[in-house]
There are 2 protein chains.
Amino acid sequence: MSKAHNDSTHWRDFEKNDITHSAAHYLMAVDALRDEFGYARVTDVAEMLEVSRGAASMSISQLKKRGWITEDPHRFLLLTDEGKTMARLVEQNFRILTKFFEEVLGMSSEVAMSDACKMEHLMSLETGRRLVWLMRYILSDEGRAAKIHSVMASFRNGCESAEHCPLCEGGECLTPKGEACEFHAHSEKRKLQIEH
Amino acid sequence: MSKAHNDSTHWRDFEKNDITHSAAHYLMAVDALRDEFGYARVTDVAEMLEVSRGAASMSISQLKKRGWITEDPHRFLLLTDEGKTMARLVEQNFRILTKFFEEVLGMSSEVAMSDACKMEHLMSLETGRRLVWLMRYILSDEGRAAKIHSVMASFRNGCESAEHCPLCEGGECLTPKGEACEFHAHSEKRKLQIEH
DNA sequence: TCTCTCTGATCAGTATAGCAAACATATGTC
DNA sequence: GACATATGTTTGCTATACTGATCAGAGAGA
């Protein structure tokens, strides 16, 4: 039984991520509220995130235990240095992903932000860094960016030929369903990669 | 109070995603086991995913209720058409992301697969499709891919000048911490985007 | 037939993450 | 000082997703 193809990356590492989606948003809310109003209270965070005060109270007390949130002398919520680092990291990932989706992939602002929000806390620092490098190259020249966008647009109809599809080579057809790559529809069953 | 900057994409849509991370892996496990052995039982799925039989039993019964898993005449687990579609979609996202991280961003196989596994079930069809287009362009020419990799490598030291950083324009510095873009370290506080 | 193992389901308990409601403690106004 | 509002916590409940233990049923073998 194929059990651990890749022991360093088990599928359940997802749960053991440094920070959960909701924790990230609590931290960012405290950060943003302090920036905007100079203080942050449980009620303000609850209102901003549209959760009940009870839920905010519970979550924030957990984040206090974890050392990411404290209180200032006026008993207002305050991010610790570590909390600030986590919040900024997730925010940065969000900005990087949004920019990439919008300006490189040419997606609408809505879909770009929706996808970015879901992935922001899961993308590693490494990936974010390299995405920035890629964008620095692609977006540094308007002509280059325009070329990429126009070529990408021409790909909307899928692979026109098996011989000239650089992606499907190697046995895995990557063209999503609905725009089937008919030359590779019969591509052999993928390898067992359940555990990734 | 900034409450709903973007009603179409609330931060908690994360929870309302079509499919959860674990559900995706249960479906893929059934699919993979049937491919490899011709059948799939609760115990096999549990063993493959390294969870207890109890957990697998509970999760699979939920997936049956949702109409993604049924049983064949021999009472072995079987994906419904809808279940198959979901499983293939997530697998495809995984392959797209892994290929992008490895071959475009130049990441190690480990980090590429780890990040891809975490995001596979969250990336929209739209994003996956466009990533494929981008890769078809970039990877269709070895020279082009090599150029991108070498230019990206030259960016490892951050922005060398505020005037020539195409990314930081517009007030948000995207260069991750640790390789600070000193010209923009003072970049104004980001806009409130807690709700994305 | 009796027993043993395999299989799958169920139950108690854990952890996250939410809601609604009740509650306690402020704070502020009349 | 008394009442009313605001704020934060606690409690009971839900849902997902696990562990570990227990339990019921189906087969296989002696």
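Throughout, protein chains are lettered first and strands after them, A, B, ... in sequence-line order, and every chain is numbered starting at 1. What you see is a predicted model, and the numbers here were worked out from it, not measured in a lab.
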Applying side chain to side chain donor-acceptor pair (under 3.5 Å), can you list everything that pairs with B/N17, at least two apart in sequence or on another chain?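 Applying side chain to side chain donor-acceptor pair (under 3.5 Å) to B/N17 gives A/K118.
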Please identify each residue that fulfils side chain to side chain donor-acceptor pair (under 3.5 Å) with A/E82, with sequence neighbours left out.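 If we apply the side chain to side chain donor-acceptor pair (under 3.5 Å) test to A/E82, skipping adjacent residues, the hits are A/W68.
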Do A/L78 and A/L33 land in one hydrophobic cluster if side-chain heavy atoms of ILVMFWY residues count as linked below 4.5 Å?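 No, because A/L78 and A/L33 fall into different hydrophobic clusters, even though each may have its own neighbours under 4.5 Å.
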Just say parallel, tilted or perpendicular for the rings of B/F14 and A/F14, cut-offs at 30° and 60°.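 B/F14 vs A/F14 ring planes: parallel.
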Note the angle between the end axes of the helix from C/dT1-D/dA30 to C/dC30-D/dG1, five pairs defining each, rounded to 10 degrees.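 One end axis against the other gives 30°.
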Student check: side-chain heavy atoms of [X] and [Y] closer than 4.5 Å:
X      : Y      : value
A/M119 : A/F101 : yes
A/V90  : A/F94  : no
A/S22  : B/W11  : yes
B/S140 : B/M135 : no
A/L125 : A/Q92  : no

Protein-nucleic acid N or O pairs under 3.5 Å, nucleotides 23-26 of chain C:
none

Taking A/Y39's backbone N and O only, do any of them form a donor-acceptor pair with A/R34's side chain (distance below 3.5 Å, no angle check)?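 No, the answer is negative, given that no donor and acceptor are paired below the 3.5 Å cut-off.
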Rounding to a whole Å, what distance do you find between [X]:[atom1] and [N]:[atom2]?
X      : N      : atom1 : atom2 : answer
B/L63  : D/dC18 : CG    : C1'   : 15 Å
A/E47  : C/dC19 : CD    : C1'   : 17 Å
B/H121 : D/dT16 : NE2   : P     : 15 Å
B/D44  : C/dC6  : CG    : C1'   : 12 Å
B/E71  : C/dT7  : CD    : P     : 15 Å
B/N17  : D/dA15 : CG    : C1'   : 16 Å
B/R75  : D/dG27 : CZ    : P     : 10 Å
B/L49  : D/dT16 : CG    : P     : 18 Å

Extract from the structure each pairing of a protein N or O with an N or O of nucleotides 11-17 of chain C at less than 3.5 Å, listing the distance.
from: C/dA17; atom 1: OP1; to: A/T20; atom 2: OG1; distance (Å): 2.6
from: C/dA17; atom 1: OP1; to: A/S22; atom 2: OG; distance (Å): 3.4

Nearest to side-chain heavy atoms of [X], which nucleotide of [options]:
X     : options               : value
A/V51 : D/dG8, C/dG18, D/dT19 : C/dG18
A/S57 : C/dG8, D/dT10, C/dA9  : D/dT10
A/R41 : C/dC19, D/dG8, C/dT7  : D/dG8

Strictly by salt bridge (charged side-chain N to carboxylate O under 4.0 Å, His left out), give each pair with a member in residues 52-67 of chain A just once, sequence neighbours left out.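 Only A/K64-A/E71 qualify under salt bridge (charged side-chain N to carboxylate O under 4.0 Å, His left out).
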Does C/dA20 have OP1 or OP2 under 4.0 Å away from a side-chain N or O of A/S52?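 So the side-chain polar atoms of A/S52 never come under 4.0 Å of the phosphate oxygens OP1 or OP2 of C/dA20.
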What distance separates B/L77 CG from B/I69 CD1, expressed to the nearest 0.5 Å?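 The CD1 atom of B/I69 is 6.0 Å from CG of B/L77, to the nearest 0.5 Å.
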